[in-house]
Structures are given as structure tokens and as C-alpha cells.
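Everything below concerns the one structure shown next.
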Amino acid sequence: MSPKTLGLSPQLHDYLLNTSLRENPVLQQLRQETAQLPGARMQIAPEQGQFMALLVQLLGARKTLEIGTFTGYSALAVALALPPEGRLVTCDCDETTTAIARGYWQQAGVAQKIESRLGPALETLEQLLNAGEGESFDFAFIDADKRNYGNYYEYCLQLVRSRGLIAIDNVLWSGRVADETVTDKRTEAIREFNRQLHEDDRISLSVVPIADGLTLALKR
């Protein structure tokens with residue numbers, strides 16, 4: 001027994017994957033292709049994708065939102081967990097990586113569930129609100145530019161229903177958030193965001209030390 005979260009050695013991480021990961025073959029193929037691309041470090045871990053899919057199933061989610069899509073792994077994991085009538089709206093600015101994502105969504109047979117919107121995410125989120133979609137999403141995932149995390153979060157609070165869930169990636173930032181000697185703008189932005197959520201009584205909060213840290217914020 002341990003009174004605190006275990007650090008995962010490479011050996012223990014391999015054991016975790018070998019005894020828990022049930023990765024769809026298309027997800028695995030997408031992850032392997034993404035690993036060869038510039039910016040591959042933006043790919044979420046497969047165990048995180050599986051965890052998010054489980055959260056979507058536990059919520060009984062039918063309508064979900066993603067801010068920051070890259071090559072589409074997290075979107076695919078969520079879409080596979082949605083019911084046939086489910087809907088996922090994705091936001092990203094990169095046409096090249098989004099084209100990769102769309103190819104894999106089609107291959108996995110979930111393209112009809114995913115509405116991919118290209119352009120600045122803040123504009124897309126404003127459009128969703130103006131279209132009357134406030135408080136209609138069950139789940140939202142934020143994984144985009146860190147200095148806008150606070151803005152994305154505030155939009156998600158308006159778009160997600162009561163008892164809906166917002167998940168935010170990279171909140172432990174490879175441990176840099178705990179190193180006071182690291183003062184770059186992205187690290188400071190995540191630190192401030194984490195402080196603000198810790199004090200936000202509009203949500204129930206848990207920070208899960210999976211992959212690079214995943215905050216779960218349940219809207220009250």
C-alpha cells in the first residue's frame with residue numbers, strides 16, 4: 001500500500017498497458033503514424049484515450065466537444081465510445097493534421113459522428129453559443145494552446161450542461177509546474193489556470209496523474 005500516487009517506472013508502465021489497454025486497431029495505427037510526425041509529443045497517451053472513452057460511457061454522453069485535435073486520436077477514442085447517434089464537435093486550425101484525422105475517422109466508421117470545424121477555437125465556441133447550443137454538451141476536452149486555457153474553460157462552462165464534465169490535458173506539464181525555476185509563459189499560464197480551478201466553486205475538481213496530468217471538472 002502507498003499513501004500517495006505511484007511514480008511509474010518504464011517496467012510498471014509497460015505492465016499497466018499490457019494488463020489494461022484495449023486499443024482499437026485503427027487507434028493503434030493512427031498512434032504509430034503520428035509518432036513519425038513533427039510535433040508527435042502532442043499525441044495523448046493511449047491509456048488516457050481509453051480513460052476518456054470510459055468517462056464518456058459513464059456519463060452516457062451523446063454530445064461532446066474537443067478543443068485541439070491534432071491528428072485525431074482523442075477524437076477517435078471518444079467517437080468510438082459514443083452511441084450511433086452521438087455527436088462530437090472538434091476545433092483545430094491545422095488543415096494538414098485534420099486531414100489525417102478525417103482519414104482515420106472514416107476508416108474507423110465514425111466520421112458521421114464528428115463535425116470538424118477548422119479555424120480559431122474561440123470563434124467556433126462563440127458560434128456554438130450564438131447558435132443556441134449553450135448547456136447542451138455532456139463532455140468537453142481541452143488540449144490546445146495553453147495561454148488560452150482559461151478562455152476555453154469559460155466557454156466550456158457555458159456550453160456544458162449541469163453535471164457535465166470538462167477534461168483538461170497537460171496540467172502537470174512534465175513536472176515543470178512544480179519547478180519554481182521554470183518561468184516561461186506557457187508554464188506560468190498552466191500554473192495560473194490550475195490555481196484558478198482549485199478555487200472555482202462552480203465545479204467539483206480532481207486532477208488525475210495520468211499521462212501529462214488530466215484535470216476533471218464536473219460542472220455543478
Side-chain angles (χ1 to χ4, degrees), residues 5 8 13 16 21 23 27 30-31 34-35 37 39-56 58-59 61 64-81 88-94 97-98 101 114 116 120-122 124-125 137-157 159-160 164-178 182 184-198 200 203-219:
T5 302
L8 296 183
H13 183 250
L16 181 150
L21 187 62
E23 191 174 31
L27 280 169
L30 171 54
R31 182 164 57 88
T34 302
L37 300 176
R41 60 184 178 79
M42 293 191 291
Q43 170 74 66
I44 69 165
E47 62 269 30
Q48 180 180 333
Q50 182 167 293
F51 179 60
M52 288 167 50
L54 180 63
L55 293 174
V56 166
L58 287 169
L59 286 167
T64 61
L65 175 66
E66 177 176 270
I67 303 166
T69 298
F70 192 39
T71 58
Y73 187 96
S74 53
L76 179 52
V78 167
L80 286 166
L88 166 60
V89 178
T90 67
C91 309
D92 207 281
C93 290
D94 193 318
T97 54
T98 299
I114 303 175
S116 173
L122 293 175
T124 298
L125 298 172
F137 288 84
D138 303 299
F139 175 81
F141 178 49
I142 300 173
D143 185 16
D145 54 304
K146 310 313 172 192
R147 281 183 278 182
N148 262 317
Y149 263 25
N151 294 324
Y152 297 143
Y153 170 71
E154 291 298 329
Y155 269 108
C156 285
L157 278 176
L159 288 162
V160 167
L165 186 66
I166 304 169
I168 307 105
D169 200 21
N170 303 119
V171 294
L172 296 182
W173 203 229
S174 300
R176 291 191 292 275
V177 287
V182 180
D184 64 275
K185 291 182 179 180
R186 288 194 296 174
T187 302
E188 291 286 10
I190 296 173
R191 283 193 187 113
E192 179 59 26
F193 177 75
N194 290 341
R195 282 192 291 266
Q196 289 175 359
L197 261 65
H198 188 228
D200 192 343
I203 59 167
S204 298
L205 176 70
S206 181
V207 177
V208 181
I210 189 171
D212 197 28
L214 185 70
T215 288
L216 301 180
L218 183 73
K219 181 179 174 180

For [X], which residues count as a side-chain contact (heavy atoms from CB on, under 4.5 Å) partner, sequence neighbours excluded?
{"X": "R41", "value": "R186"}
{"X": "L157", "value": "Y153, E154, I166, D200, R202, I203, K219"}
{"X": "E23", "value": "L21, L27, Q28, R31, P46, Y73"}
{"X": "L159", "value": "L65, L125, L128, L129, F137"}

Inset, instruction - Check step by step if side chain to side chain contact (heavy atoms under 4.5 Å, CB included) holds for V208 and L216. - result: CA-CA 7 Å; V208 181; L216 301 180; 3.8 Å; yes
Please identify each residue that fulfils side-chain hydrogen bond (donor to acceptor under 3.5 Å, both in side chains) with [X], with sequence neighbours left out.
{"X": "S204", "answer": "R220"}
{"X": "Q48", "answer": "D169"}
{"X": "D212", "answer": "N170"}
{"X": "D145", "answer": "N148, Y152"}

Could you report the tightest heavy-atom contact between [X] and [Y], atom names first, then the distance?
{"X": "C91", "Y": "A121", "value": "CB-CB, 3.9 Å"}
{"X": "D184", "Y": "V182", "value": "OD1-CG1, 3.2 Å"}
{"X": "G72", "Y": "L30", "value": "C-CD2, 3.7 Å"}
{"X": "H13", "Y": "L8", "value": "CD2-CD1, 4.2 Å"}
{"X": "K146", "Y": "W173", "value": "CE-CZ3, 3.7 Å"}
{"X": "C156", "Y": "A140", "value": "SG-CB, 3.8 Å"}

About how many Å separate [atom2] of [Y] and [atom1] of [X], when rounded to the nearest 0.5 Å?
{"X": "I190", "Y": "E188", "atom1": "CD1", "atom2": "CD", "answer": "10.5 Å"}
{"X": "L76", "Y": "T90", "atom1": "CG", "atom2": "OG1", "answer": "12.0 Å"}
{"X": "M52", "Y": "F141", "atom1": "CE", "atom2": "CZ", "answer": "4.0 Å"}

Under the 3.5 angstrom rule, does the side chain of [X] hit a backbone N or O of [Y] as a donor-acceptor pair?
{"X": "R191", "Y": "R176", "value": "yes"}
{"X": "D138", "Y": "G164", "value": "no"}
{"X": "E66", "Y": "A75", "value": "yes"}

Side chains of [X] and [Y] in contact at under 4.5 Å (non-hydrogen atoms):
{"X": "V171", "Y": "V177", "result": "no"}
{"X": "V89", "Y": "T64", "result": "no"}
{"X": "I168", "Y": "F193", "result": "yes"}
{"X": "F139", "Y": "L88", "result": "no"}

Legend entry - Stepwise side chain to side chain contact (heavy atoms under 4.5 Å, CB included) test for L165 and L59: CA-CA 8 Å; L165 186 66; L59 286 167; 3.8 Å; yes
Legend entry - Salt bridge present between R195 and E192 (N-O < 4.0 angstrom):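 Between E192 and R195 there is a salt bridge, with a charged N closer than 4.0 Å to a carboxylate O.
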Legend entry - Residue pair T71 / T34, side-chain donor-acceptor N/O under 3.5 Å: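 Side-chain D/A pair, T71 to T34: present.
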Inset, instruction - Go through the steps to decide whether T69 and T97 satisfy the test side chain to side chain contact (heavy atoms under 4.5 Å, CB included), and finish with yes or no. - result: CA-CA 8 Å; T69 298; T97 54; over 6 Å; no
Inset, instruction - Would you check, one step at a time, whether the test side chain to side chain contact (heavy atoms under 4.5 Å, CB included) holds for I44 with F51? - result: CA-CA 11 Å; I44 69 165; F51 179 60; over 6 Å; no
Inset, instruction - For Y155, check ring pair (Phe, Tyr, Trp, His ring centres under 6.0 Å) against everything at least two apart and list the hits. - result: none
